Amino acid sequence: MDDVPSIRIHINKTMRGMGIETWHAGNGDQAYRLLHRHPFDIVVTDIEMPETSGLELLSSMRQSTNQRISKTPVIVTSSVRDQRIEQQVRFVKFAYFLPKPIRTTELKVLLQMIATSRTLRAERMSPKR
């Protein structure tokens, strides 16, 4: 989710090129409502969003009593270079910071890392035979 159409298009194109289905929300409130209606493997959000910021969305997700939502990985993007914000995001479990401008290679590597991490966690959680 990003309020800048060209960035949304770039992220969408990259993810679809990797075989990832994408959905869009205009702000954090819409995204949070979508999370309750549909299972998502990952959320990509900008910090600076109208109405509800990406950080507020991240906070709401982590406070959710729905484990699917509270453990959904989140990539937070921003053109604002503030180390406090970056550290705040990186301190949150299953949250990743990706500075703008978003480079396709970095986005792909981060998405692959998250997918691998989720796969490894699922394998550890499955009962052994």
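What you see is a predicted model, and the numbers here were worked out from it, not measured in a lab. In what follows, residues are counted from 1 in the order of the sequence shown. Basis for what follows: all heavy atoms, side chains included, without hydrogens, waters or symmetry-related copies.
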Next item on the list: Write out all pairs satisfying salt bridge (Lys or Arg N to Asp or Glu O under 4.0 Å) with one or both partners inside residues 83-99, taking only residues at least two apart or from two chains.
Entry: Arg81-Glu86, Asp82-Arg84, Glu86-Arg90
Next item on the list: Could I get the full list of side chain to side chain donor-acceptor pair (under 3.5 Å) partners for Gln83, not counting sequence neighbours?
Entry: none
Checklist line | Under the salt bridge (Lys or Arg N to Asp or Glu O under 4.0 Å) test, residues paired with Arg62 that sit two or more places apart | finding: none
Next item on the list: Taking side-chain contact (heavy atoms from CB on, under 4.5 Å) as the test, write out the residues that go with Gln88, two or more places apart.
Entry: Leu55
Check: Considering residues at least two apart in sequence or located in another chain, which fulfil the salt bridge (Lys or Arg N to Asp or Glu O under 4.0 Å) criterion with Arg37?
Finding: none
Notebook entry, point to check: Counting N and O atoms only, with roles assigned by atom type, does the side chain of Thr72 sit under 3.5 Å from a partner on the main chain of Arg68, one being a donor and the other an acceptor?
Noted result: yes
Next item on the list: Identify, with sequence neighbours excluded, every residue that meets side-chain contact (heavy atoms from CB on, under 4.5 Å) alongside Asp41.
Entry: Arg118
Check: Listed by chain and number, what are the side chain to side chain donor-acceptor pair (under 3.5 Å) partners of Ser70, not counting sequence neighbours?
Finding: none
Note to self: Applying ring pair (Phe, Tyr, Trp, His ring centres under 6.0 Å), can you list everything that pairs with Tyr32, at least two apart in sequence or on another chain?
What the structure shows: His36
Next item on the list: Determine whether Asp46 and Lys100 make a side-chain contact, defined as any pair of heavy atoms from C-beta on separated by less than 4.5 Å.
Entry: yes
Next item on the list: Go through the side-chain N and O atoms of Asp29 and Thr52 and say whether any donor and acceptor fall under 3.5 Å apart.
Entry: yes
Checklist line | Contacts of Gln112 that satisfy side chain to side chain donor-acceptor pair (under 3.5 Å) - sequence neighbours left out | finding: none
Margin query: Per the salt bridge (Lys or Arg N to Asp or Glu O under 4.0 Å) rule, what does the pair list look like for residues 102-116, sequence neighbours excluded?
Written below: Arg103-Glu106
Next item on the list: With sequence neighbours excluded, tell me which residues meet side chain to side chain donor-acceptor pair (under 3.5 Å) with Gln63.
Entry: Ser59
Check: Between Ile75 and Thr45, is any pair of side-chain heavy atoms under 4.5 Å apart?
Finding: no
